[in-house]
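Okay, so here's the structure we're looking at.
Since the model is a prediction, treat every value here as computed from it, not as a measurement.
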Amino acid sequence: MALHATAFSFTGVSTSNQTYRNSLPSVFPAPRRCTVKAAAAPFPSQYPPILSRCKIQGRALPSDDGPLKKDESSLVVCFGEMLIDFVPTTSGLSLAEAPAFKKAPGGAPANVAVGISRLGGSSAFIGKVGEDEFGYMLADILKENNVNSDGMRFDPGARTALAFVTLRKDGEREFMFYRNPSADMLLQEGELDLELIKKAKVFHYGSISLITEPCKSAHIAAARAAKDAGVILSYDPNLRLPLWPSAESAREGILSIWDTADIIKISEEEISFLTQGEDPYDDNVVRKLYHPNLKLLLVTEGPEGCRYYTKDFSGRVKGIKVDAVDTTGAGDAFVAGILSQLASDVSLLQDESKLRDALSFANACGALTVMERGAIPALPTREVVLNTLVKSVA
């Protein structure tokens, strides 16, 4: 399977991904170039299968035979950004010092969609990219990974977002984004594929799509349509402070849709941020973030695993220790792991034993992802995850 995670050269843009562009009729012009000044195996019994800048309407690509059809009764629709991550080939250096960068597709909601498909689940992505080489490349990535991209739109007036990622020696990251504005910020409510949203079992999203209009209104409309259709709402705030005008606006924006979610996944750092410095390991602090309609609150703890909270029970599931190379996408892989199972068996929300098995699976998904550079290229298959789980208990 081609993953398009190759070394990036600043001397030009690869034109190897022509699948979509060559299939376009003449009314879809090739992207303009310009000079820019820099500013599988079944689950064993212990792991059951519970698994705006301008008013330009984006264009959907003409459909071909489409990806291999999957059971849409467990469809997970992921809404938000898809972009290109540039990851240094050498860890522990600043962006200026890095000798080269590996080009890798990313964007949290897209990572989750691909992750679910890799695990054998049914997923779709809704979002916007530029009508440019990178946008077509990302469309190819979704197609090759069997993700439904009927809700993907292409903006002729804005570029696909880019993110340069600094890797510390321990694999942790810092980000520098190029989106001013990028196409993902310009998705409009009228461009939403509401029918796709309404037939989902789970609708998953983050908070980056809440930062600016018109995408903010599109996000709210999409979530409302899903909620009205009885779809489970899954929320991973995925805090990226550099993208928000201020820390306070980030806190307010993230919490503005908090009470509508059925499932929320947060990290320890996000708990501290949202509670303005309170102890993320204190259950009483975490419970402050548990709203009355919430069905499941998950707290990821990196290599230590995760904690879970429902109305009736709570606990911790240990993680799997590995040598981290790049933590990009680890949280998204975790989300893909839990949602792929939840979409197949919603009863795990009431069954603690099933939930713990599902979270063990999700922890393994996250652990495996940090062992390679890039997000989507590192997402594991179900077979690899299951083999890892078997080895971990052997």
Side-chain angles (χ1 to χ4, degrees), residues 1-4 17-25 28 31 57-72 74-85 104-156 158-161 182-188 190-206 209 215 218-219 222 225-226 332 336 339-340 343 375-377 379:
M1 180 182 294
L3 297 177
H4 304 275
N17 297 291
Q18 302 295 323
T19 305
Y20 278 89
R21 190 179 62 174
N22 289 345
S23 68
L24 296 179
F28 289 87
Q57 289 291 109
R59 315 178 199 187
L61 290 173
S63 60
D64 50 19
D65 292 334
L68 177 67
K69 296 299 182 183
K70 292 187 178 182
D71 179 11
E72 291 190 341
S74 59
L75 176 66
V76 179
V77 173
C78 300
F79 175 94
E81 68 279 2
M82 189 173 192
L83 47 82
I84 304 291
D85 287 328
N111 294 343
V112 173
V114 173
I116 289 169
S117 185
R118 289 264 180 90
L119 295 170
S122 176
S123 65
F125 174 75
I126 292 178
K128 202 174 199 182
V129 294
E131 195 175 291
D132 53 33
E133 292 282 356
F134 286 143
Y136 296 129
M137 172 190 146
L138 294 175
D140 278 344
I141 296 292
L142 295 181
K143 182 180 180 182
E144 290 163 8
N145 283 279
N146 203 17
V147 175
N148 182 321
S149 60
D150 290 349
M152 194 174 194
R153 301 291 179 258
F154 292 75
D155 196 309
R159 295 297 187 187
T160 301
S182 52
D184 61 288
M185 302 164 68
L186 302 177
L187 181 68
Q188 300 177 47
E191 297 173 312
L192 295 173
D193 187 336
L194 294 177
E195 292 309 309
L196 180 62
I197 293 170
K198 291 174 183 177
K199 68 182 179 182
K201 177 65 69 69
V202 179
F203 182 69
H204 176 72
Y205 48 87
S209 47
C215 191
H219 176 135
D332 304 327
L339 293 186
S340 67
I376 286 178
L379 293 168

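Annotation: side chain of Met137 is in contact with side chain of Pro105 (closest heavy-atom distance under 4.5 Å). Using a 4.5 Å cut-off on side-chain heavy atoms (C-beta onward), Glu81 and Pro109 make contact.
The shortest non-hydrogen separation linking Val76 to His204 is CG1-CB, 4.5 Å.
Checked by atom type, the side-chain pair Ser117/Asn146 shows no donor-acceptor distance below 3.5 Å.
Although no hydrogens or angles enter the test, the distance criterion places a donor-acceptor pair under 3.5 Å between the side chain of Arg118 and the main chain of Ile376. For the pair Asp132 (side chain) and Thr160 (backbone), a donor-acceptor distance under 3.5 Å is present.
Evaluation of the salt bridge (charged side-chain N to carboxylate O under 4.0 Å, His left out) rule for Asp85 yields no partner, not counting sequence neighbours. Residues passing the side-chain hydrogen bond (donor to acceptor under 3.5 Å, both in side chains) test with Lys198: none are found, sequence neighbours excluded. Considering only residues two or more places apart in sequence or on other chains, Ala161 meets the side chain to side chain contact (heavy atoms under 4.5 Å, CB included) condition with Leu83, Arg179, Ser182, Asp184.
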### Query
So Val129 and Phe154, side-chain contact (heavy atoms from CB on, under 4.5 Å) or not? Walk me through it.
CA-CA 5 Å; Val129 294; Phe154 292 75; 3.6 Å; yes
### Message
Under the criterion side-chain contact (heavy atoms from CB on, under 4.5 Å), I'd like the reasoning laid out for Leu75 against Leu196: C-alpha separation, chi angles, the key distance, then a yes or no.
### Response
CA-CA 9 Å; Leu75 176 66; Leu196 180 62; 4.0 Å; yes
### Message
Run Leu192 and Phe79 through side-chain contact (heavy atoms from CB on, under 4.5 Å) and show every step you take.
### Response
CA-CA 10 Å; Leu192 295 173; Phe79 175 94; 3.7 Å; yes
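Here Arg153 contributes atom CZ and Asp193 contributes atom CG; the two are 6.0 Å apart, rounded to the nearest 0.5 Å.
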